[in-house]
2 protein chains.
Amino acid sequence: MKLTRRQKEVLDFITRFIEDNGYSPSMEEIAAHFGIASLNAIFKHLDALETRGYLHRDANRARSIQLASYGAGVEAIPLYGYVAAGRPIEAIASPETMPIPEPFLPKGGKGYVLQVRGDSMIEEHIRDGDYVVIESRETARPGETVVALVDNENVTLKKFYPEGGRVRLQPANETLEPMILDAGRVRIQGVVVSVLRRYH
Amino acid sequence: MKLTRRQKEVLDFITRFIEDNGYSPSMEEIAAHFGIASLNAIFKHLDALETRGYLHRDANRARSIQLASYGAGVEAIPLYGYVAAGRPIEAIASPETMPIPEPFLPKGGKGYVLQVRGDSMIEEHIRDGDYVVIESRETARPGETVVALVDNENVTLKKFYPEGGRVRLQPANETLEPMILDAGRVRIQGVVVSVLRRYH
DNA sequence: AAAAATCGGAAACATTTGGTTGACTTTCAC
DNA sequence: GTGAAAGTCAACCAAATGTTTCCGATTTTT
């Protein structure tokens, strides 16, 4: 949050105003509230808040301020390292973090980031080198892409299908075979909630 | 890593201040809190903390300290709307913004976000509903995925191949035909630099 | 003990932020 | 259409804040 005191005050006022009234304040009302005689001062504050991503306006439209639905919400979550088919997570030397925008974060619970090695999920359009955001949890619905720990040894990224007392871990790649294991040998560590890819 | 006692005190103070107030302290406020008369001392502490990776600042910007563990490099860039094969960008009423982590931002120049409609880039592993970050520029290298404006009318997302005086705009989807056009009819608006996908 | 790093003070300087005034434009209800 | 309400914008100024330099004291390391 890199706002100045004044900018945060203005933002707070707008937030409260919209909550109370259901519509956004005019610039004059904002100015009046702060005892400022100048609309331009407010205008520039709104500009600043807009470029920083805290709100949106329609040009020339009266009372068109909307608070950013994404609230510039960002959280830094740990980047643990690589995950590949059939390999343990290679612990990374200095556990970095990566800032992730709110829309791509897990809705509930904690999360972390892994970088994908290999093309085992290629048919799910997850590529070698992609970053996947994982929601930490121990259960998954059939068909979800999970980080699974097998025999307390190997961590893999696969699609999850329970089959009676067994579990099928299915790569999304024709050329790779599914693993079918007793449920007791598989522990789910998390579920993929989003994918981020950088070209070049 | 190896912070001095003082540096840790300063860092702790900043952390608490941001938690309490929602914005970062000015150097004067930090100095006042420690009973120090020198802004330079604070400045150097901040320098030290920054080079050691505990925080980030924008040069010359008031109250621009951000703790590293928070959203380090994140910028809110406009979310213009949808792009599909052969359709103009549907101008969105009030352009929202979406915060994007620095590693996924264009390295040079401005950027914006579009949401992909349709499966025309599916073989590039860009799916219906994915968000693509676009670097605004007017040239592209062969094979890059570009946002192209055809005849000043239609905007499409395609792979770009110049062929003499012509341009081939190639969907990454077997079932779709490439467009081959005189270079004069095609204007490149930007190049895809990253892809973000949210499941569910 | 010497050298290097760190810490603190004071002042000058540069940039950004916050504010004023006033003219202009757009939107919208009548 | 017309006019009021609301938003846009330029020029200009003041205040707040961040940057830098010069200097000396203190602490840590070698």
Side-chain angles (χ1 to χ4, degrees), chain A residues 1-14 17-18 21-68 72, chain B residues 1-14 17-18 20-68 75-76 78 91-97:
Chain A
M1 168 113 41
K2 39 181 177 185
L3 295 180
T4 64
R5 193 205 316 280
R6 211 43 161 171
Q7 285 163 6
K8 176 153 169 46
E9 283 171 8
V10 171
L11 182 61
D12 287 345
F13 171 70
I14 294 171
F17 191 102
I18 291 180
N21 301 57
Y23 53 88
S24 58
S26 68
M27 298 203 308
E28 223 159 18
E29 286 166 340
I30 300 173
H33 175 263
F34 288 102
I36 291 172
S38 159
L39 285 313
N40 190 25
I42 301 302
F43 184 72
K44 283 192 284 188
H45 280 138
L46 295 181
D47 262 1
L49 287 169
E50 186 167 34
T51 53
R52 286 166 170 75
Y54 289 90
L55 51 80
H56 312 285
R57 293 177 294 169
D58 293 352
N60 291 318
R61 281 257 158 49
R63 297 178 188 278
S64 65
I65 297 171
Q66 300 170 261
L67 297 178
Chain B
M1 274 238 183
K2 44 174 189 180
L3 291 183
T4 62
R5 195 186 340 275
R6 211 45 159 170
Q7 284 164 4
K8 179 158 171 33
E9 283 172 10
V10 171
L11 184 60
D12 287 346
F13 171 70
I14 294 171
F17 191 102
I18 291 180
D20 291 350
N21 300 61
Y23 51 87
S24 57
S26 69
M27 297 203 309
E28 224 160 21
E29 286 167 341
I30 300 172
H33 175 263
F34 289 102
I36 290 172
S38 162
L39 285 317
N40 181 33
I42 301 302
F43 184 76
K44 282 191 281 189
H45 282 139
L46 294 181
D47 259 1
L49 288 170
E50 185 166 33
T51 53
R52 272 154 223 204
Y54 288 89
L55 50 81
H56 301 279
R57 293 177 295 169
D58 293 352
N60 291 319
R61 280 257 159 45
R63 297 175 189 276
S64 66
I65 296 171
Q66 296 175 264
L67 297 178
E75 198 181 324
I92 219 167
S94 62
E96 297 212 25
T97 64

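In this text the structure is predicted, and so the values were computed from the model without any measurement. Order of the sequence lines fixes the chain letters, A, B, ..., with proteins taken first and strands second; residue numbering starts at 1 for each chain.
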| message | When the axes are fitted on five pairs at both termini, how much does the helix from C:dA1-D:dT30 to C:dC30-D:dG1 curve, in 10° steps? | response | 50°
Using atom [atom1] of [X] as one end and atom [atom2] of [N] as the other, report the distance to the nearest whole Å.
| X | N | atom1 | atom2 | answer |
| --- | --- | --- | --- | --- |
| A:I14 | D:dG7 | CD1 | C1' | 14 Å |
| A:I42 | D:dA5 | CD1 | P | 19 Å |
| A:D47 | D:dC9 | CG | C1' | 10 Å |
| B:F43 | D:dA16 | CZ | C1' | 16 Å |
| B:L39 | D:dT21 | CG | C1' | 14 Å |
| B:E29 | D:dG18 | CD | P | 8 Å |

| Do the rings of B:H33 and B:F13 sit parallel, tilted or perpendicular, given the 30° and 60° boundaries? | parallel
| field | Residues in salt bridge (Lys or Arg N to Asp or Glu O under 4.0 Å) contact with A:E29, at least two apart in sequence or another chain | value | A:R63
| said: If you only use heavy atoms from C-beta on, which nucleotide in D:dG7, D:dT17, D:dT28 is closest to the side chain of B:R5? | reply: D:dT28
Is any side-chain heavy atom of [X] less than 4.5 Å from a side-chain heavy atom of [Y]?
| X | Y | value |
| --- | --- | --- |
| B:I30 | B:I36 | no |
| B:I42 | B:L46 | yes |
| B:I65 | B:D58 | no |
| A:R52 | A:Q7 | yes |
| B:R57 | B:D47 | yes |

| said: Going 5' to 3' along DNA chain C, between which two nucleotides do contacts with chain B fall, using a heavy-atom cut-off of 4.0 Å? | reply: C:dT6 to C:dT17
| DNA chain C: B:A62 or A:I36, which has the more 5' nearest nucleotide? | B:A62
| remark: Note: for A:A48 and B:A48 on DNA chain C, the residue whose nearest nucleotide lies more 5' is B:A48
| Would you say A:E28 has more than 12 foreign heavy atoms packed within less than 6.0 Å of its CD? | no
| message | Judged by each residue's nearest nucleotide on DNA chain D, which is more toward the 5′ side, B:K44 or B:R57? | response | B:R57
| remark: Between A:L46 and B:N40, the residue closer to the 5' end of DNA chain D by nearest nucleotide is A:L46
| said: Check this one for me: any side-chain N or O of B:R61 less than 4.0 Å away from OP1 or OP2 of D:dG18? | reply: no
| query | Is there a donor and acceptor pair, one atom on the side chain of B:N60 and one on the base of D:dT17, closer than 3.5 Å? | reply | no
| message | Looking at every non-hydrogen atom in both residues, tell me the closest pair between A:S38 and A:A31 and how far apart they are. | response | O-CB, 4.3 Å
